[in-house]
Every structure is written in C-alpha cells, then in structure tokens.
Colleague: 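My questions will all concern the structure given below.
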Amino acid sequence: VDAIGRFLDLWAAEASAQGWTAADLFGADAVRPGSSWLNAGPLWSGNGAEVVAVMPDKIEFSMPDGSRQFHYRRPHLRPRILPWEFAA
C-alpha cells in the first residue's frame with residue numbers, strides 16, 4: 001500500500017501523460033485475480049520495488065538488491081478487473 005501511495009504521489013501524472021490507464025497499472029486478471037503474473041498491472045509486483053522511470057511502453061523498477069526490472073505494457077488479452085471492483 002505504501003509503494004502504491006508513493007507511485008501515485010510521484011508518478012501518477014507522468015503515467016497518465018504517457019498514456020497508462022488504471023487497468024494498465026492496477027488491473028488484475030478478471031478470472032484469476034490472484035495470479036499476479038497473469039495479465040496483471042505492474043503495481044501488483046511489489047516486493048520493495050521502487051519506480052524509477054515511466055515510459056509509454058514500460059515502467060522501470062529498482063529492486064531492493066539494486067537490480068533493475070521492467071514491466072512492459074501489453075494489450076489486455078483477457079478481461080481485467082480493478083481492485084476496487086472485486087467486491088462489486
């Protein structure tokens with residue numbers, strides 16, 4: 001939750017300007033929302049990662065060990081659901 005708050009404070013405007021949508025960032029697979037690797041937005045990754053750059057096609061993370069990882073924006077091949085829609 002803290003990492004998402006930092007993302008919103010520091011990167012939300014840039015992500016929006018780069019064309020990222022709420023589903024791109026926060027979406028989870030509508031059929032299997034617990035499978036974060038399956039059709040999930042980058043903000044499900046967590047594990048202490050910090051966003052260091054937002055680009056139109058990817059987000060760069062700095063991992064706790066200092067390594068860098070990228071989450072690439074891909075077409076939504078399966079329906080996505082937003083976390084605040086789970087209970088709806």
Side-chain angles (χ1 to χ4, degrees):
V1 172
D2 290 337
I4 290 173
R6 278 191 302 280
F7 175 84
L8 292 172
D9 290 343
L10 300 172
W11 296 100
E14 181 65 23
S16 179
Q18 297 288 340
W20 290 80
T21 67
D24 291 332
L25 296 167
F26 300 102
D29 191 87
V31 176
R32 295 179 59 192
S35 298
S36 62
W37 56 270
L38 180 64
N39 197 34
L43 298 183
W44 287 98
S45 300
N47 298 329
E50 294 286 333
V51 173
V52 295
V54 176
M55 295 154 264
D57 63 336
K58 64 188 170 207
I59 293 178
E60 182 178 356
F61 292 91
S62 176
M63 304 308 288
D65 66 1
S67 65
R68 297 293 171 106
Q69 291 187 4
F70 295 90
H71 181 94
Y72 293 88
R73 183 165 44 179
R74 296 178 184 89
H76 302 193
L77 300 177
R78 295 167 46 110
R80 283 187 175 172
I81 189 168
L82 294 167
W84 47 90
E85 296 173 336
F86 285 143

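Please read all numbers here as calculations on a predicted model, not as lab measurements. Only heavy atoms go into these numbers, but all of them, side chains included; no hydrogens, no water, no symmetry mates.
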Colleague: Quick one: CZ on R74 to CG on D57, what's the gap to the nearest 0.5 Å?
Modeller: 10.5 Å

Colleague: Would you say I4 ends up clustered with L10 if hydrophobic residues are merged whenever their side chains have heavy atoms under 4.5 Å apart, either directly or through other cluster members?
Modeller: yes

Colleague: For V51 and W11, which heavy atoms make the closest approach, and how far apart are they?
Modeller: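 So the two residues come closest at O-NE1, 3.4 Å.
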
Colleague: Decide yes or no for P42 and W20: does some side-chain heavy atom of the first lie under 4.5 Å from some side-chain heavy atom of the second?
Modeller: yes

Colleague: In terms of hydrophobic clusters joined by side-chain contacts under 4.5 Å, are V31 and I81 together?
Modeller: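 No, V31 does not connect to I81 through the hydrophobic network.
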
Colleague: Quick one: pull up CD in E50 and CZ in R68 and give me the separation to the nearest 0.5 Å.
Modeller: 11.0 Å

Colleague: Given the rule that I, L, V, M, F, W and Y join up when any side-chain heavy atoms are under 4.5 Å apart, are M63 and F7 in one cluster?
Modeller: yes

Colleague: Looking at side-chain heavy atoms only, is the closest gap between I59 and L43 below 4.5 Å?
Modeller: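 No - every pair of side-chain heavy atoms lies 4.5 Å or more apart.
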
Colleague: When rounded to the nearest 0.5 angstrom, what is the spacing between OG1 in T21 and CZ in R73?
Modeller: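 Here the rounded value is 7.0 Å.
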
Colleague: Check whether any side-chain heavy atom of D24 sits under 4.5 Å from a side-chain heavy atom of R80, and report yes or no.
Modeller: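 The answer is yes; the side chains approach within 4.5 Å.
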
Colleague: Can you tell me if E14 has over 12 outside heavy atoms packed within less than 6.0 Å of its CD?
Modeller: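 Yes.
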
Colleague: Determine, using the 4.5 Å side-chain heavy-atom cutoff (strictly less than), whether Y72 and L25 are members of one ILVMFWY cluster.
Modeller: no

Colleague: Can you see which heavy atom on A49 is nearest to which on F61, and at what distance?
Modeller: CB-CD2, 3.7 Å

